[in-house]
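This report concerns only the one structure given below.
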Amino acid sequence: MPELPEVEVVRRGLTAHAAGRRISGVQVFHDRAVRRHIEGPADFQAVLTGHRIDELRRRGKYLWFALDDGDAVLAHLGMSGQFRVGTPGGAVHPHLRVRFTFDDGGPDLDFLDQRTFGGMQFVPGGAELPDPIAHIALDPLDPDFDRDLTIARLRAKRTEVKRALLDQTVVSGVGNIYADESLWRVKLHYARPTGGLTKAVAGGLLNAATEVMQDALAAGGTSFDSLYVNVNGESGYFDRSLHAYGRENEPCDRCGTPIRRDPFMNRSSFFCPVCQRPPRGR
DNA sequence: AACCACACCTGTTCGC
DNA sequence: TGCGAACAGGTGTGGT
């Protein structure tokens, strides 16, 4: 699933293959891909045509095209979104949702999305920071990331630690995979109350999240299934480095105890029942 | 105000 | 063999 490292891989790919190019046409193949653009698919196509893509930016799991006149195209990959660079007028894949063509006659840019949780919207004046994501916290790889502020936010929450870690208004970019990996690294159970965390433990958790995402980025991202790929359709290989996520019944790399999977927030939490002891009362 | 459950999707895997 | 259920899960919304 695309979390921060995977989105950053895509951002870099788009920087190499889309930045500096002028859009000559936009085709929307599935309206749901632009559902956040309230003016509708036809307007989305019309308003983008003729603009040059200056820069690709990212905050957490969101990325956006900064356009030449200060506007932006804000994109989220959702569960299964992919940007792919391909031959002009190439085959229409069944999951193709949006296709951009450019006035240089070079490769088209395709947005594919099997599960249609992802999408794009045009944001006037959004080049610096699109309004719809102003509420999203800075991510740990942002040069302006404020570690002390984030520690304070974590400890101020009255909830379970994994819920706080997944809350994009506390810290952005962390999803289910890297949340489980971070918690495993610092030996914290997902249900530990945030209010009981010391500054040192909360800071250690943030360090772990930062490190695991940096490591994943260096490996080109995680491809747990074939849904996540870079702009050339290639998978990263960080899944070989996972210690908890997806490893139910496999031995913990620290103590050998079989990794457990618990239902959590309509998804799963993978953890070592010995290294990551549950809080009292569970 | 803060927190939480749920809807939104579809392709694949699992159990009966 | 075939079919329905379960599963994957990020985000916005509406309810408590």
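So that the names make sense, note that chain A is the first sequence line, chain B the second, and so on, each numbered from 1. Everything numeric here is computed off the predicted structure, so don't read it as measured data.
Contacts of Asn266(A) with the nucleic acid, taken as non-hydrogen atoms under 4.0 Å apart, include base atoms.
Under the side-chain hydrogen bond (donor to acceptor under 3.5 Å, both in side chains) criterion, Arg21(A) pairs with Asp104(A), not counting sequence neighbours. Qualifying side-chain hydrogen bond (donor to acceptor under 3.5 Å, both in side chains) partners for Thr150(A), counting only residues two or more places apart in sequence or in other chains: none. Remark: Phe271(A) engages His189(A), Tyr190(A) in a ring pair (Phe, Tyr, Trp, His ring centres under 6.0 Å) (not counting sequence neighbours). In terms of the ring pair (Phe, Tyr, Trp, His ring centres under 6.0 Å) criterion, His30(A) has no residue partners (sequence neighbours excluded). Take Trp184(A) and apply the ring pair (Phe, Tyr, Trp, His ring centres under 6.0 Å) test, not counting sequence neighbours, and it matches His243(A).
Counting only distance, with no hydrogens or angles, the side chain of Asp71(A) and the backbone of Gly125(A) share a donor-acceptor pair below 3.5 Å.
For residues 124-152 of chain A, the pairs satisfying salt bridge (Lys or Arg N to Asp or Glu O under 4.0 Å) are Arg57(A)-Glu128(A), Arg58(A)-Asp139(A), with sequence neighbours left out. For the salt bridge (Lys or Arg N to Asp or Glu O under 4.0 Å) condition, the pairs that include at least one residue of residues 164-178 of chain A, sequence neighbours left out, are Lys157(A)-Asp167(A).
A donor and an acceptor atom, one from each side chain of Ser269(A) and Lys162(A), are located under 3.5 Å apart.
Shown here for Thr257(A) and Pro273(A), the closest heavy-atom pair between the two residues is CG2-CG, 3.8 Å.
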When you check every protein heavy atom under 4.0 Å of nucleotides 10-16 of chain C, what one-letter string (B, S, -) results, 5' to 3'?
BBS----
Listed pairs, N/O of protein and of nucleotides 5-7 of chain C, under 3.5 Å:
none

Could you write out each protein N or O paired with an N or O of nucleotides 1-4 of chain B at a distance under 3.5 Å?
unit_1, atom_1, unit_2, atom_2, d
dC3(B), OP1, Arg158(A), N, 2.7
dC3(B), OP2, Lys157(A), NZ, 3.0
dC4(B), OP2, Thr159(A), OG1, 2.8

Using the 3.5 Å cut-off, write out each protein N or O paired with an N or O of nucleotides 10-16 of chain B and the distance between them.
unit_1, atom_1, unit_2, atom_2, d
dG11(B), O4', Gln114(A), OE1, 3.2

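The CD-P distance, from Gln82(A) to dC9(B), rounds to 19 Å in whole Å.
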Side-chain donor-acceptor distances from residues 38-45 of chain A under 3.5 Å, at least two apart:
unit_1, atom_1, unit_2, atom_2, d
Glu39(A), OE1, His37(A), NE2, 3.4
Asp43(A), OD2, His37(A), NE2, 2.8
Gln45(A), OE1, Val28(A), N, 2.7

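Under a hydrophobic clustering in which Ile, Leu, Val, Met, Phe, Trp and Tyr are joined whenever their side-chain heavy atoms come within less than 4.5 Å, directly or via other members, Val47(A) and Leu109(A) fall into the same cluster.
Taking the ring centre of Phe122(A) as origin, the terminal cationic atom of Arg36(A) falls outside the region bounded by 6.0 Å and 45° from the ring axis.
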